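Working notes for the structure below.
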Amino acid sequence: MQVKHLLLIAIFALTAACSSNETVDENLGEVELYQQAQADLDNKSYTSAISKLKALESRYPFGRFAEQAQLELIYAYYRNVEPEAARAAAERFIRLHPQHPNVDYAYYLKGLASFDQDRGLLARFLPLDMTKRDPGAARDSFNEFAQLTSRYPNSRYSPDAKTRMVYLRNLLAANEIHVAHYYLKRQAYVAAANRGRYVVENFQGTPAVADGLAVMTEAYQRLGLDDLAETSLKTLQLNYPEHVTLEDGKFTPIEREDDNRSWLSKATLGFIEGEAPRPDVSQANRDVLRQYESAEQDLPEELRPVLEEVEQQEAKRSWWSRLTFGLFD
């Protein structure tokens with residue numbers, strides 16, 4: 001997808017998420033406000049529901065619907081794709097009502113808000129590589145789901161939280177492998193070996209463990225630490241004989257040394273490579289990205305004609321237009 005495609009979809013997302021600022025009738029009673037807010041939630045008019053739930057809480061802070069309004073406000077923010085507001089509302093509810101019978105729902109929505117923070121419209125409809133993105137939201141989500149499962153192991157939301165934690169753990173491990181490969185490319189072999197060892201020691205059971213052993217083997221070989229390299233290689237051969245770095249049992253390094261780069265790559269600090277870049281081959285990367293292979297097929301039908309038209313226009317652009325990013329079209 002080109003940049004224009006992403007901008008186009010982002011515009012659709014903003015258009016769908018935004019609505020007119022609604023003024024809530026000051027004469028509405030507590031019951032009427034709550035009923036209208038419920039109707040808005042049922043109709044997926046989340047912006048309107050947020051306005052009414054906030055009005056209900058501020059006008060009737062000690063009413064019978066005040067606590068429920070705070071809880072449903074978290075859900076409305078979450079469904080309105082406002083993750084930061086949803087997390088803030090969840091934290092407030094947990095702080096004010098730690099003994100509430102539905103406080104586990106607040107923990108769950110808080111984790112979901114972080115989980116979906118990087119998975120908006122673009123991530124749902126485009127095959128983005130989530131393993132290469134900032135892992136901050138993934139760590140937050142993992143920790144929040146961990147709080148839910150540890151404090152409320154019998155909660156109805158715990159099974160789903162545990163399933164998401166498995167995915168998030170794989171994601172975080174794969175991200176560590178990407179960082180390790182970056183260090184290998186920059187000949188920072190000690191840092192690469194430490195990253196690989198960190199994955200092996202802290203992410204047991206994830207697909208990234210095999211990649212961590214491969215990184216350790218390659219880094220130790222580059223450093224001339226033959227004993228450590230041999231130990232890592234034997235562990236890799238024994239437990240993951242089908243790993244991509246092993247050909248007939250022999251280890252083949254993935255990253256080439258910078259000294260072997262073309263003069264063009266060296267002159268441009270690696271921004272322009274002399275040959276086509278090697279596709280990602282790590283096991284962790286393939287495992288996580290498998291969940292996004294069918295993303296383009298899920299693109300709404302009403303967007304497809306528009307994107308096809310944009311693709312046709314993109315194909316007709318001159319090299320000057322591409323070079324200047326369309327600034328002088």
Side-chain angles (χ1 to χ4, degrees), residues 8-125 137 140-141 143-145 147-148 151-152 155-161 164 298 300 302-303:
L8 178 64
I9 297 179
I11 291 172
F12 273 92
L14 291 173
T15 303
C18 297
S19 62
S20 59
N21 293 327
E22 180 181 355
T23 301
V24 181
D25 188 350
E26 295 183 358
N27 297 319
L28 289 175
E30 181 183 7
V31 175
E32 293 175 304
L33 267 176
Y34 184 74
Q35 290 176 342
Q36 290 189 16
Q38 288 296 308
D40 288 335
L41 289 174
D42 292 339
N43 295 328
K44 300 182 180 180
S45 302
Y46 300 116
T47 302
S48 181
I50 290 170
S51 299
K52 293 184 175 65
L53 290 170
K54 291 172 66 176
L56 175 61
E57 183 187 359
S58 62
R59 297 177 189 177
Y60 307 98
F62 304 106
R64 56 173 173 162
F65 297 112
E67 292 183 5
Q68 187 65 23
Q70 294 175 10
L71 195 62
E72 293 182 0
L73 185 61
I74 308 171
Y75 174 77
Y77 277 132
Y78 168 68
R79 292 304 304 269
N80 205 42
V81 197
E82 298 183 54
E84 292 297 338
R87 294 181 73 245
E91 290 173 359
R92 179 170 177 265
F93 184 88
I94 293 169
R95 185 177 67 255
L96 294 176
H97 313 288
Q99 303 302 322
H100 194 279
N102 294 324
V103 71
D104 59 332
Y105 182 61
Y107 277 102
Y108 179 66
L109 284 179
K110 184 181 177 185
L112 277 184
S114 297
F115 186 86
D116 290 341
Q117 188 163 338
D118 291 332
R119 295 167 178 79
L121 184 69
L122 297 182
R124 290 202 304 270
F125 296 147
D140 290 342
S141 182
N143 293 333
E144 287 151 7
F145 283 137
Q147 289 184 24
L148 169 63
R151 297 186 182 188
Y152 306 96
S155 169
R156 59 183 295 189
Y157 308 108
S158 288
D160 182 72
R164 293 175 187 272
D298 296 331
E302 59 268 21
L303 287 183

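All heavy atoms count here, side chains included; hydrogens, waters and symmetry mates do not. This one's a predicted model, so the numbers in the text were calculated from it and none came from an experiment. The residues of the chain are indexed from 1 along the displayed sequence.
Heavy atoms only, all atoms of each residue included: Pro83 and Ala113 are closest at CB-O, 3.5 Å. Smallest separation of non-hydrogen atoms from Val103 and Pro98: CG1-O, 3.8 Å. Arg164 and Phe145 make their closest contact through CD-CZ, 3.6 Å (heavy atoms, listed as atom of the first residue, atom of the second, distance). Counting all heavy atoms, side chain and backbone alike, Ala49 lies closest to Ala37 at CB-O, 3.9 Å.
Under a 3.5 Å cut-off, the side chain of Glu30 and the backbone N or O of Arg64 do form a donor-acceptor pair. Of the possible polar contacts, one joining the Asn43 side chain to the Ala39 backbone as a donor-acceptor pair under 3.5 Å is found.
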Exercise. Ile50 and Glu82: side-chain contact (heavy atoms from CB on, under 4.5 Å), yes or no, with the steps?
Worked result: CA-CA 11 Å; Ile50 290 170; Glu82 298 183 54; 3.7 Å; yes
For this session: Go through Lys110 and Leu148 one step at a time and tell me if the side-chain contact (heavy atoms from CB on, under 4.5 Å) criterion holds.
Result: CA-CA 10 Å; Lys110 184 181 177 185; Leu148 169 63; over 6 Å; no
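The CD atom of Gln38 lies 7.0 Å from the CD atom of Gln68; values are rounded to the nearest 0.5 Å. If you take CG on Leu56 and CD on Gln70, they are separated by 9.5 Å, rounding to the nearest 0.5 Å. Of the inter-residue distances, the one linking Tyr105 atom OH with Glu72 atom CD reads 8.0 Å to the nearest 0.5 angstrom. With rounding to the nearest 0.5 angstrom, the NZ atom of Lys52 is 10.0 Å from the CZ atom of Arg59. Put simply, OG on Ser58 and CG on Leu53 are 10.5 Å apart, with the number rounded to the nearest 0.5 Å.
Tyr46 places none of its side-chain heavy atoms less than 4.5 Å from the side chain of Tyr78. In this structure, His97 and Asn102 have side chains that are not in contact, with every pair of non-hydrogen atoms separated by 4.5 Å or more. In this structure, the side chains of Ile74 and Arg92 stay at 4.5 Å or more apart for every pair of heavy atoms. The closest side-chain heavy-atom distance from Asp140 to Arg87 is below 4.5 Å.
The side-chain contact (heavy atoms from CB on, under 4.5 Å) test with Tyr157 is passed by exactly one of Tyr108, Tyr152, Tyr107: Tyr108. Screening Ser45, Ser48, Ser51 for a side chain to side chain donor-acceptor pair (under 3.5 Å) with Asp40, the sole residue that qualifies is Ser48.
Ring planes of Phe65 and Tyr34: parallel class, angle under 30° (limits at 30 and 60°).
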